[in-house]
Protein chains: 2
Amino acid sequence: MTAGFRDTRPSPAQPVTISDVAEAAGVSRQTVSNVLNAPDRVRAETRERVTKVIADLGYHPNHMARSLRASSPRMIGCRIQPLHAETVAAIQDRFLHALAEAGQECGHHLLLFAAADVAAEAEQCTALWRAGAVSGVVLYDITPDDPRPGRLTAAGVPFTAFGRTAVGTESYSWADVDNTAGTASAVDHLVAAGHRRIGFLGWPEGSSAGDARAHGWLTAVDRHGLLAASHRLDVRGDDTTTTGSRLMRELLDRPGPPTAVVAATDTFAVGALHAVRDQGLRPGRDVAVVGFDDSPAAAAMGLSSVRQPIKEVGRLVMAEVLRLTGRPPGADGEPPQEPLHRLLAPELVVRASSAPSQGSPPAGSDASPLCL
Amino acid sequence: MTAGFRDTRPSPAQPVTISDVAEAAGVSRQTVSNVLNAPDRVRAETRERVTKVIADLGYHPNHMARSLRASSPRMIGCRIQPLHAETVAAIQDRFLHALAEAGQECGHHLLLFAAADVAAEAEQCTALWRAGAVSGVVLYDITPDDPRPGRLTAAGVPFTAFGRTAVGTESYSWADVDNTAGTASAVDHLVAAGHRRIGFLGWPEGSSAGDARAHGWLTAVDRHGLLAASHRLDVRGDDTTTTGSRLMRELLDRPGPPTAVVAATDTFAVGALHAVRDQGLRPGRDVAVVGFDDSPAAAAMGLSSVRQPIKEVGRLVMAEVLRLTGRPPGADGEPPQEPLHRLLAPELVVRASSAPSQGSPPAGSDASPLCL
DNA sequence: AGCCTCCGTGTGAACGATAAAATCGAGGGT
DNA sequence: ACCCTCGATTTTATCGTTCACACGGAGGCT
């Protein structure tokens, strides 16, 4: 049934405290504390003795006690969203992982909570902060008219956002991927490959990232003087492969069909690839496709895609929220800290779906053959 | 730059404590505490007065202080994995959300951390528990020879797993989806539809869920007396649509090709659907396909799929780990608690990819038309 | 009247850790 | 011999909350 009746000593029934260590080492509590927090104040000999006892007893400083004393919980709050779409999900996963990893390096952990909607999320954030359970919070998936930044600012909760609203972005800290530059670089790449009619597949207007991606496509097409040829090749729908397929078929059926498309997500792009092949066209040779997000599926299928530096965003956002919580801005006369506004450049990963003419790439190259 | 220079009162620079409330209400700390934790011990009149002051001052009990006093952090630890495959990711998202939601109902939160591998994860779990940062931990994505349950048991860390190892399952608490029953029900469904040669697409041996799904297919096929016709139709590879496609093509090229396949994941299944259509066959009519996980993609594409009751698993796992942490098993003479072993039945969601003969289903039915 | 009980409230201690201040001993300068 | 400094360590106080107990007054019972 259970392992053994009397454990040797690996799992102490009573957790070992700093006093236990002090007693065992023949010093006072504070000396043990100094060994851990200010080793230079302790004589080398004593330090070694205490360190050994700490290891022997398996002592770990109590997180709650430390947080209480420092009145800093060393926790960053973050909501986990229910599964909306596949794309969001994939990003959420990677973002949360990046946050957790970045926080861990400075001894901070992630406190995850669920909330029904953004209003409930803002309330939760405020409550958690007031209760001293988190020193700050992270927001993501920001919509243009998102109420969260405003409410948290009003409540005085330190936070940093991945993404930004349409207005008021100067008053809070955020980091965002330059979606506009992402789709623009995709267009540049396609133009350089000789394409002149370049379509766009994306969400309907109303999302922050989506609108920026559409805008990047539009301005880049215009900049290359291809607006007249391309501006009718802008189609929108919800983010599924099915819709991507349908939209692409529509485009190909038009009088002046595109020779290349930029998709707002890999999901759209995968759907588009199917549609291309359905029409008996060769993806990458007859019609080029570039996706967005560089999902595992893109790598597997040889789909060119714009890679978001999610890990970097996570690091930045975590670093910023920690900076904000470092010294509360309410403190005496201190000048209020300048909020962070950072736009990170995404990176276009070229694969077979948009560069078949590359010939046989060297082994291990990212431009793997298109196998659909 | 910043909103205002002197906030009216919404964000108190100094957090309001229980003593502040006590002073403002003209009672002692303990009375305020009683109002919150044992209202029946306080006279109604006093209770109302204190409650009002609490609301006015916006008092929230300090989480850290409460945890320290109770020596129970009301936190459950859980690792977040880096993105392995798409399938894992989708499940991870939903599982973490289910956990967070279930925990919230009893005032518990999720502490997320990153770890390079299972060994590091076990170490982190132990450290977090020793440090009193979590009252217990949750494991998931368990492999047959997973070292985590053993190590955590040895360290005395309360935990519950989503999934189980090959041996020793009786000594720890777990909940799992009955993967075997899932693929078996898919086979039953296909047999009922008249299929006799039923293939299987899955991972190579070595994963817990994967082996169980393969086993379910095999035993069900055998039970229906179709082993001879089907046993050579078992193909394996990594979990990508590309591989799914390739494997399906292989199956269809064989002498006695399958008229239906059961896939270990929706990813395999989506790939299989592509291959079917490539051969000029009609998915659902000529060749039936059933996936696993009921991902959003499956719903969108009309792919029949076995749905895992993730939400229910999350609730169960959270409830169990809270039960385990309720009273430490090390306490005096108390009989050790019986660990939980629970197998949850998945549910087959039939859609067009395996039941085209259903004709036009009533509007809103799950058996939506197959649009690939 | 005297004693016990019960109810509402207040006081002291403790949870485990750490910042700040006090203490102690050794050495150095005059 | 005295004072001073300096480094190593201990003592004291504190973070915000809750448990265990003490206290005082009202009421009932003998």
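Below, chain A is the first sequence line, B the second, and so on; all start at residue 1.
Comparing B:Val42 and B:Arg69 along DNA chain C, the residue whose closest nucleotide (by nearest heavy atom) sits nearer the 5' end is B:Val42.
Across all strands shown, B:Ser67 has no heavy atoms under 4.0 Å from either base or sugar-phosphate atoms. Residue contacts shown for A:Thr31 include a base, since a base heavy atom lies under 4.0 Å away. Residue B:Arg43 is in sugar-phosphate contact alone, with no base atom involved, counting any heavy-atom pair closer than 4.0 Å across all strands shown. Here A:Ser28 lies in heavy-atom contact (under 4.0 Å) with a base.
Residue A:Arg41 places no side-chain N or O under 4.0 Å from the OP1 or OP2 atom of D:dT9. For A:Asn34, no side-chain nitrogen or oxygen approaches OP1 or OP2 of C:dT18 to under 4.0 Å. Neither OP1 nor OP2 of D:dT17 sits under 4.0 Å from any side-chain N or O of B:Asn62.
As a whole-Å value, the separation of B:Arg29 CZ from D:dC19 P is 13 Å.
Between A:Leu139 and the choices A:Thr160, A:Asp146, A:Leu152, the side chain to side chain contact (heavy atoms under 4.5 Å, CB included) rule is met once, by A:Leu152.
Rounding to the nearest 0.5 angstrom, the gap separating the CG atom in B:Asp176 from the CG atom in B:Leu316 is 11.5 Å.
Counting distance only, with no hydrogens placed and no angle test, the side-chain atoms of B:Arg47 and the base atoms of C:dG8 include no donor-acceptor pair under 3.5 Å. Judged by distance alone, with hydrogens and angles left aside, A:Gln30 brings no side-chain donor or acceptor close enough to the base of C:dA17 to form a pair under 3.5 Å.
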